[in-house]
Amino acid sequence: MPELPEVESVARHLQRILPNRTIEQAIVTRATLVEEATPEAFCARLQGVTFTEIGRRGKHLLLHLSSNDTLITHLRMTGRFLYLDRDATPLKHTHARFFLDNGKQLAFDDQRHFGRMHLVKSSEVADTREIRDLAPEPLGPEFTFGYLKQTLVKSSRDMKELLLDQTRVLGLGNIYAVEALFAARIHPETPANLVPGRKAKDLYEAIQAILEAAIEAGSTIQTDPEVIDGSYFGNSFEEALVVYDREGEPCIRCESPIARIRQGQRSTYFCPKCQKAPKKKD
DNA sequence: ACTAAAGCCTGGCTGC
DNA sequence: TGCAGCCAGGCTTTAG
């Protein structure tokens, strides 16, 4: 389930192999992958085009092309790129293949069909629906403590839900949102505008530290060169997570059992002792 | 302008 | 052993 660090890892990997590679032929075998365009029009627009640079905005990959188009790709839950020999057989859930001019193919594989590709003019990327409303990059200069504090003050939503809103705080998914709240000792159901300034500061620092550590881990741990999904190959990434998916296990700080609740339609993990409940509502 | 919730998807797991 | 049903969750859409 790629969050910002995993997408960054994928972007860096693609940046090493794609620039100056030309697409000789593109094939899309699942129409919903490319949304508004027909697969035929989409593939025709990619034919003979060369990759220039690979970027990222939030969890979106930006594959810039010599045609002054940009292929915006979101991996969602299970999307991944595969870098295979030209004649490799497509896997069960491979929905697009780009045959390159070096005897290789870049395949897009997505078990759960949530991933999306959107081909737009590069000059219009910032105005697209998926990019337009995103919050500042969490590791960039615009994501200041002042920005986060103002964002919290303006919302009455539960902290956990606010952290998942990409238009407010960018880059966190369910895993890192839960980890950041644990690090800052904030109960996930605390209304955002009731988080005290000192804890907001802790959260601000935790968000950046967690994302930076995850990106660092992704850049040093060995990956499968054929599978570009941001996950780690031969290593257990889960070991770095201290609360996520650890219901019933002892808190690393106080040894109280980690609790699990539902927020939205997804699981939230936290320590009921370290992360004090907000002043009651209902 | 804001928040809440359903829906999209497949496969792994649980419990009967 | 088989199978129904739950669960995973990023994001869009719809409703309030």
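Per chain, numbering begins at 1; letters A, B, ... match sequence-line order.
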message: Let me spell it out: for each of A:Ser156 and A:His113, pick the nucleotide of DNA chain B with the closest heavy atom. Which residue's pick is nearer the 5' end?
response: A:Ser156
field: Closest to the A:Met77 side chain, choosing from B:dT3, C:dG10, B:dG11
entry: C:dG10
task: Would you please classify the geometry between the A:His74 ring and the A:His60 ring as parallel, tilted or perpendicular, with 30° and 60° separating the classes?
output: perpendicular
Distance-only donor-acceptor test (3.5 Å): side chain A:Gln265, base B:dA6: yes
- prompt: For residues A:Arg112 and A:Thr78, is any side-chain donor paired with an opposing acceptor at under 3.5 Å?
  reply: no
- request: Report the nucleotide, chosen from C:dG10, C:dC11, C:dA8, that has the shortest atom-to-atom distance to any side-chain atom of A:His60.
  value: C:dC11
statement: Assert: residue with more 5' nearest nucleotide on DNA chain B, out of A:Leu162 and A:Gln111, is A:Leu162
- prompt: Side chains of A:Asn68 and A:Ser122: donor-acceptor distance under 3.5 Å anywhere?
  reply: no
query: Looking at the side chain of A:Arg260, which of B:dT3, C:dG10, C:dC7 is the nearest nucleotide?
result: C:dC7
field: Residue-phosphate contact under 4.0 Å: A:His74 side-chain N/O, C:dC11 OP1/OP2
entry: yes
message: Using whole Å, what does the distance between atom P of nucleotide B:dG12 and atom NZ of A:Lys92 come to?
response: 8 Å
statement: Of C:dC11, B:dT10, B:dT3, the nucleotide closest to the side chain of A:Arg266 is C:dC11
task: Please state how far atom CG in A:Asp110 lies from atom P in C:dC11, giving the value in whole angstrom units.
output: 13 Å
message: Could you tell me how far apart A:Glu6 (CD) and C:dA8 (C1') are, to the nearest whole angstrom?
response: 15 Å
message: Whole angstroms only, please: what is the CG-C1' distance between A:Asp109 and B:dC9?
response: 14 Å
message: Tell me whether the side-chain N/O atoms of A:Lys59 come closer than 4.0 Å to OP1 or OP2 in C:dC11.
response: yes
message: I want to verify a distance call: between C:dC7, C:dG10, B:dT3, whose nearest atom is closest to the A:Ser155 side chain?
response: B:dT3
field: Nucleotide of B:dT10, C:dG10, C:dC7 approaching A:Arg262 most closely (side-chain heavy atoms)
entry: C:dC7
task: Please state how far atom CG in A:Asp229 lies from atom P in C:dG10, giving the value in whole angstrom units.
output: 15 Å
query: Which whole-number value in Å describes the distance from A:Arg129 CZ to C:dT13 C1'?
result: 9 Å
message: Please pick, from B:dT3, C:dG10, C:dA8, the nucleotide with the shortest atom-to-atom distance to any side-chain atom of A:Arg112.
response: C:dA8
message: Regarding A:Asp85 and A:Lys104, does a basic nitrogen lie under 4.0 Å from an acidic carboxylate oxygen?
response: yes
query: What is the distance, rounded to the nearest whole Å, between atom NE2 of A:His118 and atom C1' of C:dC11?
result: 15 Å
- prompt: To the nearest 0.5 Å, how far apart are CG in A:Leu106 and CD1 in A:Ile17?
  reply: 6.5 Å
- request: For A:Thr32, report the nucleic acid contact type (base, sugar-phosphate, nothing); a contact means any heavy atom under 4.0 Å.
  value: nothing
- prompt: Where the side chain of A:Ser267 is concerned, which of C:dG10, C:dA8, B:dG11 is the nearest nucleotide?
  reply: C:dA8
- request: Identify whether any heavy atom of A:Arg116 sits under 4.0 Å from a base atom; if not, whether one sits that close to sugar-phosphate; answer base, sugar-phosphate or nothing.
  value: nothing
- prompt: For the pair made of CD in A:Glu3 and P in C:dG10, what is the distance, rounded to whole Å?
  reply: 6 Å
query: A:Gln166 side chain: which of C:dC11, B:dT3, C:dA8 is closest?
result: C:dC11
query: Side chains of A:Glu130 and A:His118: donor-acceptor distance under 3.5 Å anywhere?
result: yes
